[in-house]
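Whatever order the structure lists them in is the order used to number ligands and atoms, beginning at 1.
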Amino acid sequence: MLAFIAKSMARPVRLVKPVSSVKLPGRYLAHQEGLPRLPVPPLKQTLDRYLVALKPLVSHEEWNNTNQLVEDFQTSGVGERLQKGLERRARKTENWLSEWWLQTAYLEYRMPVVVHSSPGVVLPKQDFLDRQGQLRFAAKLIEGVLDFKSMIDNETLPVEYLGGKQLCMNQYYQILSSCRIPGPKHDSVVNYSQVKKPPTHITVVHNFQFFELDVYNSDRTPLTSDQIFIQLEKIWGTSLQTNKEPIGILTTNHRNSWAKAYNNLIKDKINKESVRSIQKSIFTVCLDAPMPRVSDELYRSRVAAQMLHGGGSRWNSGNRWFDKTLQFIVAEDGSCGLVYEHAPAEGPPIAALLDHVVEFTRKPELVRSPMIPLPMPKKLRFNITPEVKNDIEKAKQNLNIMVHDLDVKVFIFNKFGKNVPKSEKLSPDAFIQVALQLAYYRMYGRPCATYESASLRMFRLGRTDTIRSASVDSLKFVQGMEDAGVQNQEKVDLLRRAVQAHRAYTDMAIAGNAIDRHLLGLKLQAIEDLVSIPEIFMDTSYAMAMHFNLSTSQVPAKTDCVMCFGPVVPDGYGVCYNPMDEHINFAVSAFNSCAETNAARLAHYLERALSDMQQLMQRTLKSKL
Ligand code: COA
Ligand code: HC5
């Protein structure tokens with residue numbers, strides 16, 4: 001926690017302020033202080049590994065050229081100077097990377113947060129079919145989130161582990177009572193969870209209308225789900241009109257356009273107060289209209305898209321405030337899930353919160369609460385001037401283009417889960433990543449730069465680094481697999497070697513020794529020192545290495561849910577998976593505007609690759625017996 005908690009407790013904490021630590025009592029502070037600091041890897045190690053990582057991605061000629069640039073970078077002293085700058089930064093800050101990462105990966109990124117940055121989660125479909133059921137479930141879910149919040153506030157959340165090491169818990173303090181705010185050059189994030197009088201309300205949206213719902217009694221106890229249900233009914237009853245301006249659509253726009261529209265919007269005092277209420281609220285609950293009916297086969301993919309963007313301006317996209325860190329979505333037909341703004345936290349803390357909430361919603365109601373009359377939830381009013389109306393119309397148009405452009409395919413791989421790779425003494429995550437390499441190679445006849453998120457939470461304020469899944473070993477395997485002249489036993493050996501190489505890269509990454517963030521740091525150090533950008537960063541090899549046609553991530557959860565996000569390049573795929581013991585939930589995304597990509601096709605190749613790899617191992621085992 002704690003690094004972002006400012007000394008003045010009266011103001012919301014802006015994440016854009018330089019990271020500084022303050023003295024706060026509690027076991028988390030002791031825990032956090034016990035965590036190691038993110039190291040700056042040795043320069044030569046990163047440069048050598050960079051050259052190895054380029055091998056499967058660029059031609060011999062390009063590689064030789066880059067090799068020369070890397071040598072110049074080292075021998076000229078430029079690299080050493082930047083490295084010294086990074087080491088100085090590492091001594092002066094709690095984490096040399098986290099503030100830079102927050103800025104460059106999120107707050108300075110100008111594309112809409114919708115599809116391009118905010119991930120979605122689909123929860124198991126609930127069995128209600130009407131408004132009563134919807135509101136009952138939403139009330140229980142809210143109670144569950146408040147229960148989780150009390151564990152954060154009381155510091156009773158169990159510390160998490162990865163590879164036997166304790167993890168940084170800071171992100172749990174960033175996900176509630178926080179919100180992104182658009183700015184003309186870069187955005188910011190405000191966090192109200194540590195102010196003197198933290199917020200006691202949530203935001204509820206229904207039919208594009210926003211409400212402030214107080215979820216605590218005057219004695220600071222949270223409302224029970226019975227009480228919340230009654231409040232939700234009141235909200236429902238006062239927002240039946242469907243002809244309202246979808247003000248929330250503004251948050252779906254390109255960040256520069258949204259920043260301009262935002263300044264317009266908050267010129268009006270009432271609008272400003274309403275926006276402030278949303279920003280301060282603990283989280284948002286979106287009571288959505290039912291999803292359009294589709295076949296069971298299509299349903300899963302449609303809901304995933306719905307979680308990512310809301311379905312367009314005619315459906316539920318106006319029923320959101322996409323800058324809000326956490327938005328739970330409960331639709332009338334039983335579809336539910338969440339969308340979250342990525343700047344403050346990674347997926348795993350969100351998954352932990354969801355696991356808690358889903359389990360909570362399954363518990364039977366034990367206590368009947370006394371029905372003390374509660375005040376009417378406050379409707380948040382907006383004055384729609386012609387200028388604001390114009391901004392909404394423009395945002396609608398852009399959003400609808402984005403909605404049509406997103407291609408999502410969700411599939412459940414049912415033949416096996418983590419069990420099969422484990423029984424072969426292989427890392428399940430590495431096995432899945434190697435299967436992805438095989439799928440892509442079969443589709444395109446070449447490998448591509450592939451990103452997998454690796455957690456850096458073993459370090460204080462750690463976020464992520466990149467596992468580069470396209471490796472020399474993965475290429476040897478996929479080429480061998482496609483070569484009829486290669487014997488099965490040799491294919492199995494190549495497969496095992498590729499999986500082990502991936503697991504070795506993972507271990508290196510989570511220990512802070514991967515190359516991507518270090519290279520980024522060297523580049524940003526050059527910018528900060530006002531020296532010219534070194535040639536290694538202007539090189540085509542670098543551009544190729546950073547063009548991630550496959551952007552992937554594993555987010556494990558106990559709940560049988562599907563997680564998804566958009567591609568990071570126009571001709572790429574986003575692949576998110578949740579491996580369970582006996583099956584794997586996948587969501588593949590792509591853009592329809594790109595003729596070369598197709599989410600369902602990659603999904604199909606991925607299913608085949610996973611099955612083929614299993615069969616190969618089984619067959620070879622049998623022939624050995
Ligand atoms: N033989 C048998 N079992 C093995 C094995 C082997 N060779 N290698 C691993 N396993 C087991 C593990 O012990 C583990 O067991 P569990 O299910 O009982 O926990 C399980 O297989 C999974 O391990 P593995 O598949 O290797 O992956 P991981 O859990 O170590 O995860 C990463 C790998 C990269 C996903 C993880 O290190 C990470 O960084 N996670 C965070 C990613 C993230 O932040 N994503 C979201 C970004 S917003
Ligand atoms: C609920 C699933 C969230 C997964 C989000 C995720 O993996 O984000 C990655 C974060 C990072 O720093 O690697 C980015 N990515 C979506 C582009 C892979």
Side-chain angles (χ1 to χ4, degrees), residues 97-98 101-102 104-106 109 111 113 115-123 160-165 167-168 171 175 304 307-308 326 337-355 417-434 450-458 462-469 496 499-500 502-512 514 516-517 520 548 550-559 561-569 572-582 584-585 587 589:
L97 174 64
S98 53
W101 182 246
L102 176 68
T104 51
Y106 298 106
Y109 185 60
M111 294 292 272
V113 290
V115 174
H116 298 284
S117 182
S118 297
V121 181
V122 183
L123 288 177
E160 292 168 328
Y161 285 79
L162 180 67
K165 300 252 169 66
L167 297 184
C168 172
Q171 290 176 25
I175 57 183
M307 294 308 150
L308 284 175
L326 262 185
L338 125 169
V339 58
Y340 87 92
E341 200 292 297
H342 210 326
E346 270 22 286
I350 310 281
L353 179 146
L354 272 180
D355 282 341
K418 286 190 282 187
N419 53 350
V420 161
K422 276 189 188 179
S423 68
E424 293 287 341
K425 304 235 171 338
L426 293 173
S427 146
D429 182 70
F431 190 86
I432 295 167
Q433 286 289 330
V434 171
T450 307
Y451 178 114
E452 184 195 1
S453 309
S455 177
L456 287 179
R457 283 176 60 209
M458 275 184 196
R463 297 289 302 255
T464 61
D465 206 326
T466 309
I467 303 167
R468 290 187 165 265
S469 312
R496 287 191 170 275
V499 172
Q500 280 154 5
H502 187 88
R503 186 60 234 186
Y505 201 125
T506 301
D507 288 334
M508 170 180 109
I510 61 180
D516 279 70
R517 300 301 180 269
L520 174 75
F548 291 109
L550 280 175
S551 166
T552 78
S553 184
Q554 175 192 148
V555 185
K558 285 194 210 119
T559 311
C561 56
V562 174
M563 336 258 187
C564 50
F565 49 75
V568 295
V569 293
Y573 293 97
V575 182
C576 195
Y577 51 97
N578 174 12
M580 313 289 284
D581 286 335
E582 300 194 353
I584 311 169
N585 298 341
S589 64

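- Less than 4.0 angstrom separates some heavy atom of W101 from each of these atoms of ligand 2: 12 (O).
- Close contacts of ligand 2 with S553, meaning ligand atoms under 4.0 Å from a residue heavy atom, involve 6 (C), 7 (O).
- Contact detail for E582 and N419: the closest heavy-atom pair is CG-ND2, 3.7 Å.
- Counting protein heavy atoms only, atom 9 (C) of ligand 2 is closest to S453 OG, 3.5 Å.
- Protein heavy atom in closest approach to atom 15 (N) of ligand 2: S551 OG, 4.0 Å.
- Taking a 4.0 Å cut-off on heavy atoms, F548 fails to register as neighbouring ligand 2.
- In this structure, of E346, H342, M307, the residue bringing a heavy atom nearest to atom 6 (C) of ligand 2 is H342.
- Summarising the contacts of atom 11 (C) of ligand 2 with Y577, F565, Y451, the nearest heavy atom is found in Y451.
- Annotation for ligand 2: atoms under 4.0 Å from non-hydrogen atoms of V121 are 1 (C).
- The contact set between ligand 2 and V568, taken as ligand atoms under 4.0 Å from a residue heavy atom, comprises 17 (C).
- Residue M563 approaches ligand 2 through these ligand atoms, each under 4.0 Å from one of its heavy atoms: 1 (C), 2 (C).
- Comparing V555, I467, V122 against atom 2 (C) of ligand 2, the shortest heavy-atom distance belongs to V555.
- Considering only residues two or more places apart in sequence or on other chains, Y505 meets the ring-ring contact (aromatic ring centres under 6.0 Å, His included) condition with none of them.
- Atom 12 (O) of ligand 2 has its closest protein heavy atom at T464 OG1, 2.6 Å.
- Y577 pairs in a side-chain hydrogen bond (donor to acceptor under 3.5 Å, both in side chains) with only one of the listed residues (D429, T552, N585), which is D429.
- Side-chain atoms of L338 and M307, non-hydrogen and from C-beta on, never get closer than 4.5 Å to each other.
- Looking at heavy atoms from C-beta onward, I467 lies out of side-chain contact with Q433 at the 4.5 angstrom threshold.
- Annotation: ligand 1 has protein neighbours L162, H342, E346, G347, P348, K418, K422, K425, L426, S427, P428, D429, E452, S453, A454, S455, I467, R503, T506, I510, S553, Q554, V555, each with a heavy atom less than 4.0 angstrom from the ligand.
- Considering only residues two or more places apart in sequence or on other chains, E160 meets the side chain to side chain contact (heavy atoms under 4.5 Å, CB included) condition with L167, M169, Y172, A352, R457.
- The ring-ring contact (aromatic ring centres under 6.0 Å, His included) check on F548 picks up Y451, with sequence neighbours excluded.
- Closest approach of K422 to P428, counting heavy atoms only: CG-CG, 4.0 Å.
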